[in-house]
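Note that the coordinates shown come from a computational prediction; the quantities given were computed from them, not determined experimentally. Every chain is numbered from 1 and lettered A, B, ... according to where its sequence line falls, protein lines coming before strand lines.
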Amino acid sequence: MGEPTHAVHVHHAPKGFIRKYIFSTDHKVIGIQYYFLALFSVVLGMLLSVLFRLHLAWPNANWDLLGKLFPTGMAGGLMTPEFYLSLVTMHGTLMVFFVLTTAPQSGFGNYFLPIQIGADDMAFPVLNMLSFWITFVALVVMVMALFATGGAPLSGWTAYPPLSALGKISGPGEGLGQTLWVISLAIFCVGSLLGALNFITTTLNLRAKGMTLLRMPLTVWAWFTTSILALLAFPVLLAGGILLVLDRVGGTSFFIPAGLVVNEQLVNHSGGSPLLWQHLFWFFGHPEVYIAILPGMGVASQLLSTFSRKPVFGYKAMFSAMLAIGFLGFFVWGHHMFISGMSPYSAVAFSLLTLAIGVPSAIKTFNWLGTLWQGKIQFTSAMLFAIGFVSLFVTGGVSGIFLGQTSLDLYLHDTYFVVGHFHMIMGVAALFGIFGATYYWFPKMFGRMLNEPLGKIHFWFTFIGVNAIFFPMHIMGVAGHPRRYSDASNFNYLSSMHPLHEFITVAAIVTATAQLFFLLNFFWSLWKGKKAEMNPWNATTLEWTVPSPPPHDNFGGKLPVVYHGAYEYSVPGAKQDFIMQDSPEKIIEAT
Amino acid sequence: MSDAEVRVEALGAGDWGGGSLPYAVGSKKFGMWLFIISDALTFSALLIAYGYVRLANKNWPEPFEFYPSLVTATVMTLCLLSSSLTMVMAVAARKREDRPATMKWLWATIAGGLAFLVLHANEWLKLIGEGMRPFSNPWGSPLFGASFFTLTGLHMFHVVTGVCFLGVVAVATGRGKFTSEDVEMSGLYWHFVDLVWMFIFPLVYVLSIHHG
Amino acid sequence: MSHPAGAEHAEPASKLFIWVWIWLLLLTAVEVVLGYEQYPVKLMLTMLMSLSVIKAALIMAYFMHLRFEKLKLVLTLVPALVVILCLFSIFFFPDSLRLMNLGWGR
Amino acid sequence: MVGLRSGTRDAGQIDQREDVNMGLAIALVLVLLCVVSVIMFSGHYWWFPPLISTYTGYDKQFMLTLIIVAIVFILAQLALGYFVWKYRDRAGRKATYVEGNNTMEVLWTSITFVIFIGLGILGQRVWAQFHFAEPPANAMEVEVTGQQFQWNIRYPGADGQFGRTEAKYVDESALNFVGVDPHDPAGKDDIASINRMVIPVNQPVKVLLHSKDVTHSFFVPGLRIKQDAVPGMTITIHFTATKTGEYEIPCAELCGLGHYKMRGILDVRTPVEYQQWLKKQASQE
């Protein structure tokens, strides 16, 4: 911050390893840092899920090896219920916050938003670096929670008080582990909202000449909308987190009512309300769902258009739908609380608003189909994942029509139907967005191509695998299987569902193993992959006008000028079947 | 090239066409505004939470006396409001490129912030002396103390941050560094801290005055 | 980025700010008087919140310069905050009252 | 500059045969997805437990939603599969430059809006029956208190009045789980039961639901109802069971390590049997 003026950005590539790769202010390095943070978290989160799936399918089997690995949680090779719940909690938390929020938004967004709008960096490079390191600290604290004395937290990723607020007396995992969990989340909030304000400012102020709002790629629209959601949602979770930390360590009672007797101990708290946390949490939590999925929507639009060699069908409808989803996303948090004891009148309003938000989601689906219609579809691995995204989005979306209805939620709430629903849509659909983006942008980020055959094998295993995992969960929900049960054998009516548990676990293990194809492909290609050209996919957006990988200041000191929309494919009369955004070539108006 | 320029003007004319600042506000200032919006939401959520628990508790205490509690709080308000005024003067001076005047007004602002902090800390100590804790108080619902300390504590944290921030700006200005936008940005933050107090003052103090 | 033409506004005079400051002090004084007089809670709350909103608006408009910025900056920033505050008020407080009415052991 | 940027790869470089297969494979898998879904949801291999309550509207609303959703789901998946197969890259194939179609946008926006909101409004009927309708005047009262990890059931006894409860009277060794005030005469004849809620068939029941420690959720699949038991609140729900038998009451809100074994029994008996049980319990008190 030494210069007297910041009017002119002068970029010198930093020298020295630490400034270049660790504490870098280059948005591209930060993007890759976020990506690797997410990669670490997703592998960890996935391993945790495989562990608890093993337990669900064979609750009485003896896993001696695991018993040695986790001497307390799996003493003698048998999983304790508290360890099961800890795994579920940590799986959810890691995946939602450190994978689905970081990879598509902070990872790819950081790398490609500035390039796609023709900027040489983010508006606040130092703040950008700070956001990453704050997120990193949050992850470190979260991993510490996993290994905390007294056990990892087990109150689920939603951490409903009083269970999460009472401390040790409410059971194992509710001591230090839960405290670290809340602190990690609060830190994460700060990092995310700083990142969000950086994204918004960059998008509005740093677009290159001619990059009008209506020429921005839909990925940019998605990152932009997501940032607005993050900016407005995370502060509310931060407030909730502050109150929960105070309840846990400061002795306050914001979320703890009077007259509780926990484990035969009279609790010395009074006056609080468990519902207050649920309101604060879900006010954040529902927009968070869209924070996870919106970038995936942007990526899917981009890929479907590029590999169908067609403009996005209904570009304006597409970004309007995204903005509508973002806007309405703030009005529907109560659908998580239909049976929570919330006013049933509020529930009616929330229900109708929730169903209304299905409309822009449906618009997006129709427009994706419209993009494929009459196209010239090239089945690259990236495209396969985009097609998979649409299919999963439909599957996950339609089950929302059930859950959005107050009355149907009376039975389906907190059953496996919900688990199946949100895994389909904000879990694997968003993950397919991340995979699609990886196959698409890897050449740009690392200068080498990913192996296509391996990518296709990865796709098929993953696509069929996730359907096999999450589809049966809907059926289990209909049959009334509550979620977060470490062992269903206590209930007669659940016992018939055991074959489904076994089937899901086998599918999960196969799918998880198939991810080795991806990791292998990723790390092998990083060093040995075919060298990537500047524009291997014949795509139109600005990142394909610069070398792979781009130089430190993206455009070599001269910012681009934009003449075209983001998806000018197969324009009649054009020299090629695509027109780059910065190409001065004229479009003969097709009427 | 000039042909291309003409076409760009035609295609992407206006504030949203790229290559311009759509709000005619620099990135730093705009970024600070966005930060303020999100921070305002944190405070809003906390204030709403305060209203929520207060409404749900019949035994909510109103222990403050008009004198000295409200009078002290009024003096604190005066300190903050006046420091906002001096901050405005500092920003204006910096825009005139009058660095000595900028520094003078900035130090005055810091003095106002420090006065607020001293009075506030004094009040906290007094309340703690009377037996008020985050988890209990002698008068009624324990959430009175909890929400008081949370709200004013977080606000105090913001004031401390602001004082440090302004200190950095003042020193840098003295050394001929920092642009007028930097000063303005710090000013926005300071006014926001003031603005939050405008809600804490009536909700936490005026509405907790003991009925005669 | 250099400031585009037209971004520099004519600076309002210091006198204006002093007037705003005086108004803020006066409004605070009204709040203090309300605190001394003590009206019924609902009335107090309405009056105090109205005064606070006016004060906040004054601070934002003059001290924070929003009055002298482009209108669309105001339209970008303020509605989001207002909408969310309305949402909080509409959906949080019914449950607060519900809590009071359904309280256990009362 | 432009020439430099254009890639060297064109459509011809992709193996044509592979593309035919890939399009076909996706189409087939999506068809398979639809077929399996239909079989799974219509075969009822795993399905709702039989309905035992007067909330019959639930199943109707579910089936209506299921049919509409199934149509949307199948159409969308099949369209996706068909397009992917039909418009795959082949020799001589050219993409049509289409930027969109406003008529279509308006059409599908309004159709989905009407369907979704229509379903939403229809769905409120069961909700209103459960939440807005007052329990019938002849409803019997039962108090259900969640606790880690059991359901405490309490009946008001002969006087029809529950004894006062307070946390400080909780004494689990004396089986006073909910903290009935020993000095309150109304509490003397209260009947307590752990994890077994006996009710007469076809008798409206009003349940006063709360929790003494963390949030639990009262879920009886056969009744098609679920309601969180929230500490600090007493939430009233009501239902009428129409079939005798024993039905399980799982806890549906994560309440700690024993969540999975928090099991209650809703024991629906004939009125005569119910009275006998009540008498037996009262004599044991």
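In this structure, chain D has heavy atoms under 4.5 Å from both the backbone and the side chain of A:F338. D:I249 touches chain A through its backbone: at least one of N, CA, C or O sits under 4.5 Å from a heavy atom, while the side chain does not. With a 4.5 angstrom heavy-atom cutoff, A:W460 touches chain D only via side-chain atoms. Proximity to chain D (any heavy atom under 4.5 Å) is shown, for A:P162, by both the backbone and the side chain. Heavy atoms closer than 4.5 Å to chain D are found in the side chain of A:P482, but not in its backbone. The parts of A:N367 that come within reach of chain D are both its backbone and its side chain, each placing non-hydrogen atoms under 4.5 angstrom from that chain. Interface residue D:E253: backbone and side-chain heavy atoms are both found under 4.5 Å from chain A. For chain D, the nearby parts of A:T395 are the backbone and the side chain; heavy atoms of each come within less than 4.5 Å. Residue contact with chain D, scored on non-hydrogen atoms closer than 4.5 Å, involves the backbone and the side chain of A:L372 alike. Interface residue A:Y315: only backbone heavy atoms are found under 4.5 Å from chain D. With a 4.5 Å cut-off on non-hydrogen atoms, A:Y493 touches chain D through its backbone and its side chain both. For chain D, the nearby part of A:S308 is the backbone; its heavy atoms alone come within less than 4.5 Å. In this structure, chain A has a heavy atom under 4.5 Å from the backbone of D:I225, while its side chain stays farther away. For chain D, the nearby part of A:N467 is the side chain; its heavy atoms alone come within less than 4.5 Å. Residue contact with chain D, scored on non-hydrogen atoms closer than 4.5 Å, involves the backbone and the side chain of A:V478 alike. For D:Y58, the parts lying under 4.5 angstrom from a heavy atom of chain A are both the backbone and the side chain. When heavy atoms are compared at a cutoff of 4.5 Å, D:I111 does not approach chain A at all. Looking at D:Q61, both its backbone and its side chain come within 4.5 Å of chain A, counting heavy atoms on both sides. For A:Y345, the parts lying under 4.5 angstrom from a heavy atom of chain D are both the backbone and the side chain.
The aromatic rings of D:F239 and D:F218 lie parallel to each other, their planes meeting at an angle below 30°, with 60° marking the opposite boundary. Using cut-offs of 30° and 60° on the angle between ring planes, the pair A:F313 and A:W373 is perpendicular.
Put simply, of D:M262, D:K261, D:Q124, D:H131, the one with the most heavy-atom pairs under 4.5 Å next to chain A is D:Q124. Ranking D:V126, D:V36, D:T96 against chain A, the residue ahead of the rest is D:T96, based on heavy-atom pairs under 4.5 Å.
Seen from the ring of A:Y411, D:R224 counts as a face-on cation partner, given the 6.0 Å and 45° thresholds.
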